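For reference, the structure is listed below as structure tokens.
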Protein chains: 2
Amino acid sequence: MDDTKPEQVKSIADLARIGGVSVSTVSRALTGKGALNKGTRERIQALADRHGFKLNVAAQNLRLGRTGAIAVLLPLGHERGQHLSDPFFMAMLGFLADALTDRGYDLLLSRVLPQGDDWLDTFIRTGRTDGVIIIGQSNQSAVLDRTAAHYAPMVIWGEQSSRNAHVTVGTDNQAGGALAAQHLVARGRRRLAFFGNVAVPEFAARYQGFVAALPADLRDTVELVHTHITPEASLEVATAWFAAGNRPDGLFAASDVVAMSLLSAATDHGLSVPGDLSIIGFDDIPMARLANPPLTTVAQDIEGGARQLVDLLFRRLAGEDAGSISIAPRLVIRESS
Amino acid sequence: MDDTKPEQVKSIADLARIGGVSVSTVSRALTGKGALNKGTRERIQALADRHGFKLNVAAQNLRLGRTGAIAVLLPLGHERGQHLSDPFFMAMLGFLADALTDRGYDLLLSRVLPQGDDWLDTFIRTGRTDGVIIIGQSNQSAVLDRTAAHYAPMVIWGEQSSRNAHVTVGTDNQAGGALAAQHLVARGRRRLAFFGNVAVPEFAARYQGFVAALPADLRDTVELVHTHITPEASLEVATAWFAAGNRPDGLFAASDVVAMSLLSAATDHGLSVPGDLSIIGFDDIPMARLANPPLTTVAQDIEGGARQLVDLLFRRLAGEDAGSISIAPRLVIRESS
DNA sequence: TTGATTTAAGCAAACGTTTGCAATCATCGC
DNA sequence: GCGATGATTGCAAACGTTTGCTTAAATCAA
């Protein structure tokens, strides 16, 4: 005879009543914390299972003075009005979700359109989360610095700099830029351009590293073309640029998406890649190899980066004053160069 | 003289003490609910601002019997062991985040690897969120149905079917498949194949709609090629398929990412698109136009879909018994067909 | 001036947990 | 048989809010 009780068990108190014990006993049985007779513990656990009862995490967290959630913020300061769907973010987000889940934390996702210089503090003060991971500095470095001064559990995916007061995890973008430069030069390319938005620290570093690694005679001729990194924007910029008659032989893009736009625009203008010109991207998103031709690119270790972000955050949550981490990029040579 | 007090204000009680009022007054001042003298309300609000105090949402939610968060789950039942970074998800996620933020809710993101048939109920019973949005049925329709029977605030992005006990929002995939079929036939294509995983209801419907819309003599010759939808998997399948000597003249892919793999593999085998064969994708991700050649595809209204998902969820949260919603697809003709 | 009416603000009990401390009880050494 | 010890369990106060009810104060009409 299955003696299932239809009665709704909504709280530890209900279960205590049914089980003929006190709420504290139920709590200890279900959390496994505190001393409790093995028999009763098992009896209560079985009872909870039978009634499909689970502890209410909200109440639990309130009592424990934590929220059990980490916020992942995507600041869209530099892409105002544009929606962002770069595969890079999805990959990063996926790995972050997994790493946080492993530690028993929830991932609270928020896209923020930075307003004024108070959006971050305001968010933090609501106490919604125990810590914050921010993907990209966007153009908000000053805000991040200000908050970092009084709020420890915050780490940023982005460009590391001695000028930063905030803690970062990120690819060594200068080194990445240098890899691209050396590769193009080795291919004999001399009419070069960089496509990206240097108001974003990460992209600025890629550009600087690129230029700095060029031989002196090329350094002054490399063109900087401003573009947002959405497919729409970058395709438009690239198309207009080729239409204006520009005929480069080596292009370095701030991201793979931008590189794919360049590829598309170049083809449209009758140029052959890599026959007439080489194109190099940045990120190595999974789709980079699907480009036609497959994209040469500077790879970021997204999975490793996500793990490091989470590690660092939890070390800081534990009170440790852990510092920024830089990850080496890697050149992936395919057929677009 | 700025009379800032350095004193830490951690709760409504602290503020009440400082302001010389009761906690209830502070609560009413800060929430704007309940009758309160305009003067005191403003005075307390100013005081709160000055001390940088924000209500603790966790406690607020506990008291209000809600969590203020909606879970977005990505079940990876059919992509076990593969990480998923399809731009489609990112686009969907972004729009969902915005729609939920507009309503004052947080988005709790979780990728789940379905274990057994209890993962969903277990998640829900923890009371972490007020409602659940699930992106894609994956191969978990049975689980969804079981939960839907006793849990109302749940909506699924996916394939609608009279066999479903769960509520869906999604593109009319059969109609989408039909659009692809009609287009290929109009182009005079006759040696056809579909690439996808028909264990996933959405893809199955695309395939069925595709086949059903073909003229009778073609219906039996269309090949069904099984592939997962990650770039890695689909590129491998496509490459092997062409290598085996298959020479189709019309391909319909379950997603744009798969279509781009087909494009890449076809080019590798010396085939010209659309000269030798036409390729059609599904989704119209922002990068579809960056493919080389730009991809003809069946567009899903991702933004509209996200809005409908959220709308529907909140209607159900309010107790309304609102039903499934189907969204019409749209054929976007570019240069791959 | 008085009593009735309106308005403003406080009291205290919830929401569902956790946990320090106290209480109970069986067991044990002598 | 008795006090001491250790193992279990219960009591009740927190965590930071919201809100029904009550009280106090102010306003008003007559």
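All values derive from a computational prediction rather than experimental measurement. Letters A, B, ... mirror the listed sequences (proteins, then strands); counts begin at 1.
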- Query: Measuring from A/Leu30:CG to A/Phe53:CZ, what's the distance to the nearest 0.5 Å?
  - Reply: 6.5 Å
- Task: May I ask you to verify if any side-chain N or O of B/Thr40 is less than 4.0 angstrom from the OP1 or OP2 atom of C/dA9?
- Result: yes
- Would you classify A/Val57 as touching base, sugar-phosphate or nothing, given that sugar-phosphate means primed atoms plus P, OP1 and OP2, and contacts are heavy atoms under 4.0 Å? nothing
- A/Leu36 CG to C/dT24 P: how many Å, rounded? 19 Å
- Item | Polar side-chain atom of B/Asp14 near backbone of B/Lys10 as donor-acceptor pair, under 3.5 Å | yes
- Between A/Asp130 and A/Thr67, is any side-chain donor less than 3.5 angstrom from a side-chain acceptor? yes
- Message: Under 3.5 Å, is there a donor on one side chain and an acceptor on the other for B/Gln137 and B/Trp157?
- Response: no
- Task: Mind calculating the distance between CG (A/Leu15) and P (D/dG10) to the nearest angstrom?
- Result: 13 Å
- Task: Answer yes or no: is there an ion pair linking A/Asp121 with A/Arg146, defined by an N-O contact shorter than 4.0 Å?
- Result: yes
I'd like a table of atom pairs between the protein and nucleotides 22-26 of chain D - only N or O on both sides, under 3.5 Å - with the distance next to each one.
none

- May I have the distance from A/Asn61 (atom CG) to C/dT19 (atom P), rounded to whole angstrom? 12 Å
- Can you spot which of A/Asp98, A/Thr101, A/Leu107 makes a side-chain contact (heavy atoms from CB on, under 4.5 Å) with B/Arg111? A/Asp98
- Query: Looking for any heavy atom pair under 4.0 Å, which part of the strands does B/Ala35 touch: base, sugar-phosphate only, or nothing?
  - Reply: nothing
- Spacing between B/Ile44 atom CD1 and C/dA8 atom P, to the nearest angstrom: 15 Å
- Message: A cation-pi test, strictly: NZ or CZ of B/Arg66 under 6.0 Å from the centre of the six-membered ring of B/Tyr105 and no more than 45 degrees from its axis. Yes or no?
- Response: yes
- Which nucleotides of nucleotides 14-20 of chain D have their base under 4.0 Å from a protein heavy atom (B), which only their sugar-phosphate (S), and which neither (-), written as one string 5' to 3'? BBBBBBB
- Message: Check this for me, if you would: do A/Asp311 and A/Arg103 make a salt bridge, where the nitrogen-to-carboxylate-oxygen distance has to be below 4.0 angstrom?
- Response: yes
- Query: Side-chain donor-acceptor pair under 3.5 Å between A/Ser22 and A/Thr25, yes or no?
  - Reply: yes
- Item | For atom CG of A/Asn37 and atom P of D/dA7, their distance in whole Å | 12 Å
